[in-house]
Chemist: 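Mind having a look at this structure? Questions to follow.
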Amino acid sequence: AHLFLLVEEGALVIESDGALFVVKLGDSFVAPQGSTFTWKQEGDVAFSYSTCSDADAPAQIIPIVSHGARKISPPYSAELLLSEKSPQQAGFPFFTDSTTRWQVGTWSSETFERKAIPFPKDEYMYIHTGAAEFEAEPSKGGDKVGPRVSFLLAHKSVCTWKNEGFIDKTYCAVLDK
């Protein structure tokens with residue numbers, strides 16, 4: 001199975017094919033199915049992970065660079081926006097399985113607010129910088145997440161989204177068929 005792992009506390013030293021790299025707070029990597037690695041740690045480490053099976057993947061560890069090169073995303077749909085202008089957004093998919101349903105990448109956005117919609121996928125997110133507010137049930141108030149926070153938005157959960165200022169995240173998503 002493919003493995004996505006994000007360190008939420010402490011650090012890991014990963015060794016794979018003779019290469020060493022450190023995965024520390026907020027860093028992540030993908031170990032595609034068939035890759036081999038070992039890790040060492042000093043002290044306590046906390047992490048989140050996700051796995052997915054896929055027979056057609058390259059077998060090489062892929063570090064996720066949270067502030068790496070990104071591609072400008074298509075404009076946000078105007079009918080969904082509550083903010084006055086469409087934000088500039090950019091992302092980079094570091095890994096997609098052969099079904100294109102399991103994806104790991106980075107995403108950033110300028111300030112924007114959108115209407116409540118059914119969320120189109122299951123998405124685990126880790127916020128590096130900035131903050132976002134979302135309401136799954138407007139009558140119960142919203143949740144606000146900020147830097148160094150991870151959370152899951154479930155597929156088809158109806159929610160709003162608002163971020164004031166720049167936001168930057170790493171994600172692991174499972175898309176609908």
Side-chain angles (χ1 to χ4, degrees), residues 3-12 14 21-30 45-50 61-97 100-138 140-176:
L3 167 71
F4 164 75
L5 187 143
L6 184 135
V7 173
E8 295 189 23
E9 180 182 318
L12 300 172
I14 305 295
F21 57 97
V22 177
V23 184
K24 59 188 183 314
L25 176 68
D27 291 345
S28 57
F29 69 93
V30 171
V45 175
F47 56 84
S48 297
Y49 70 94
S50 174
I61 302 291
I62 303 167
I64 307 301
V65 181
S66 63
H67 299 290
R70 299 190 182 182
K71 298 175 184 174
I72 301 298
S73 301
Y76 218 90
S77 174
E79 64 266 5
L80 296 178
L81 286 175
L82 294 173
S83 40
E84 291 183 22
K85 71 173 193 133
S86 185
Q88 182 169 339
Q89 298 176 329
F92 190 82
F94 279 86
F95 184 83
T96 302
D97 77 339
T100 69
R101 291 191 59 232
W102 195 76
Q103 300 177 351
V104 175
T106 57
W107 178 85
S108 60
S109 177
E110 297 176 326
T111 298
F112 85 104
E113 183 175 4
R114 71 157 167 73
K115 297 176 182 177
I117 61 168
F119 205 66
K121 55 193 162 195
D122 286 309
E123 186 171 337
Y124 167 81
M125 303 177 208
Y126 179 86
I127 306 296
H128 293 280
T129 57
E133 293 180 46
F134 56 95
E135 290 185 356
E137 296 182 52
K140 295 185 178 182
D143 292 302
K144 185 170 185 171
V145 293
R148 298 184 176 172
V149 170
S150 58
F151 63 101
L152 175 72
L153 278 180
H155 181 232
K156 297 185 181 179
S157 61
V158 177
C159 63
T160 62
W161 179 278
K162 177 182 181 180
N163 62 281
E164 293 181 5
F166 181 79
I167 191 165
D168 183 43
K169 72 177 182 181
T170 295
Y171 65 87
C172 179
V174 179
L175 285 69
D176 209 4

Chemist: Would you check if the distance from the ring center of Phe151 to the ring center of Phe134 is below 6.0 Å?
Modeler: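 Yes, the ring centres sit under 6.0 Å apart.
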Chemist: Which atom names give the shortest non-hydrogen contact between Ala132 and Trp161, and what distance separates them?
Modeler: CB-CZ2, 3.4 Å
Chemist: Looking at CD of Glu113 and OG1 of Thr160, how far apart are the two atoms once the value is rounded to the nearest 0.5 Å?
Modeler: 7.0 Å
Chemist: Quick one: pull up CD in Glu110 and NZ in Lys85 and give me the separation to the nearest 0.5 Å.
Modeler: 4.5 Å
Chemist: Is a donor on one side and an acceptor on the other found under 3.5 Å between the side chain of Lys115 and the backbone of Cys159?
Modeler: no
Chemist: On a heavy-atom basis, which atom in Val22 and which in Ala11 lie closest, and how many Å separate them?
Modeler: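 Distance-wise, the nearest heavy atoms are CG1-CB, 4.4 Å.
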Chemist: Could you check if a side-chain atom of Trp107 sits within less than 4.5 angstrom of a side-chain atom of Ile167, using non-hydrogen atoms only?
Modeler: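 Yes, their side chains come closer than 4.5 Å.
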Chemist: Check the pair Thr100, Leu175 against side-chain contact (heavy atoms from CB on, under 4.5 Å), reporting the backbone distance first and the verdict last.
Modeler: CA-CA 8 Å; Thr100 69; Leu175 285 69; over 6 Å; no
Chemist: To the nearest 0.5 angstrom, please state how far the OG atom of Ser86 sits from the OH atom of Tyr76.
Modeler: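 One gets 9.5 Å once the value is rounded to the nearest 0.5 Å.
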Chemist: Between Asp168 (side chain) and Thr129 (backbone), is there a donor-acceptor pair under 3.5 Å?
Modeler: no
Chemist: For residues Gln89 and Ser73, is any side-chain donor paired with an opposing acceptor at under 3.5 Å?
Modeler: no
Chemist: Return the OG1 to CD distance between Thr96 and Gln103, rounded to the nearest 0.5 Å.
Modeler: 4.5 Å
Chemist: Any chance you could measure Leu152, atom CG, to Glu123, atom CD, to the nearest 0.5 Å?
Modeler: 9.0 Å
Chemist: Start with the C-alpha distance between Phe94 and Val30, add both sets of side-chain angles, then the distance that settles side-chain contact (heavy atoms from CB on, under 4.5 Å), and finish with yes or no.
Modeler: CA-CA 8 Å; Phe94 279 86; Val30 171; 5.8 Å; no
Chemist: Contact between Leu82 and Phe112 at the side-chain level, heavy atoms closer than 4.5 Å - yes or no?
Modeler: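 No, their side chains stay 4.5 Å or more apart.
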Chemist: Mind telling me whether Tyr49 and Phe47 have parallel, tilted or perpendicular rings, with 30° and 60° as the class edges?
Modeler: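 It falls in the tilted class, 30° to 60°.
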Chemist: Find the distance between OH (Tyr124) and OG (Ser28) and round it off to the nearest 0.5 Å.
Modeler: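 Atom-to-atom, Tyr124:OH and Ser28:OG are 8.5 Å apart.
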Chemist: Are Ser150 and Glu8 linked by a side-chain donor-acceptor pair shorter than 3.5 Å?
Modeler: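 Their side chains do contain a donor-acceptor pair, which is all the 3.5 Å distance test asks for.
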Chemist: So, does Arg114 use its side chain to make a donor-acceptor pair with the main chain of Leu80 at under 3.5 Å?
Modeler: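 Such a contact is absent between Arg114 side chain and Leu80 backbone.
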Chemist: If we ignore hydrogens and angles and just use 3.5 Å, is the side chain of Asn163 paired with the main-chain N or O of Gly165 as donor and acceptor?
Modeler: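 Yes.
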Chemist: Is the closest side-chain heavy-atom distance between Val174 and Arg101 below 4.5 Å?
Modeler: yes
Chemist: Just do the side-chain contact (heavy atoms from CB on, under 4.5 Å) check on Met125 and Leu153 with the steps written out, would you?
Modeler: CA-CA 8 Å; Met125 303 177 208; Leu153 278 180; 3.5 Å; yes
Chemist: Does the side chain of Tyr171 reach to within under 4.5 Å of the side chain of Pro93, using non-hydrogen atoms?
Modeler: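 Heavy-atom side-chain distance check passes, below 4.5 Å.
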Chemist: Tell me the closest heavy-atom pair linking Ser109 and Pro87, and the distance in Å.
Modeler: OG-CB, 3.8 Å
Chemist: Could you check whether any side-chain N or O of Asp122 sits under 3.5 Å from a backbone N or O of His155, counting only pairs where one atom can act as donor and the other as acceptor?
Modeler: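 Checking the backbone N and O of His155 against the side chain of Asp122, a donor-acceptor pair under 3.5 Å is found.
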Chemist: Using side-chain contact (heavy atoms from CB on, under 4.5 Å), reason through Arg70 and Thr106 one step at a time and then give a plain yes or no.
Modeler: CA-CA 8 Å; Arg70 299 190 182 182; Thr106 57; 3.3 Å; yes
Chemist: Just to verify, which of Ile14, Ile62, Val7 counts as forming a side chain to side chain contact (heavy atoms under 4.5 Å, CB included) with Phe29?
Modeler: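 Of Ile14, Ile62, Val7, side chain to side chain contact (heavy atoms under 4.5 Å, CB included) with Phe29 is met by Ile14 alone.
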Chemist: Just so I know, are the side chains of Asp143 and Glu135 near enough to count as touching, which here means a heavy-atom distance under 4.5 Å?
Modeler: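 Contact flag for Asp143/Glu135 side chains = no.
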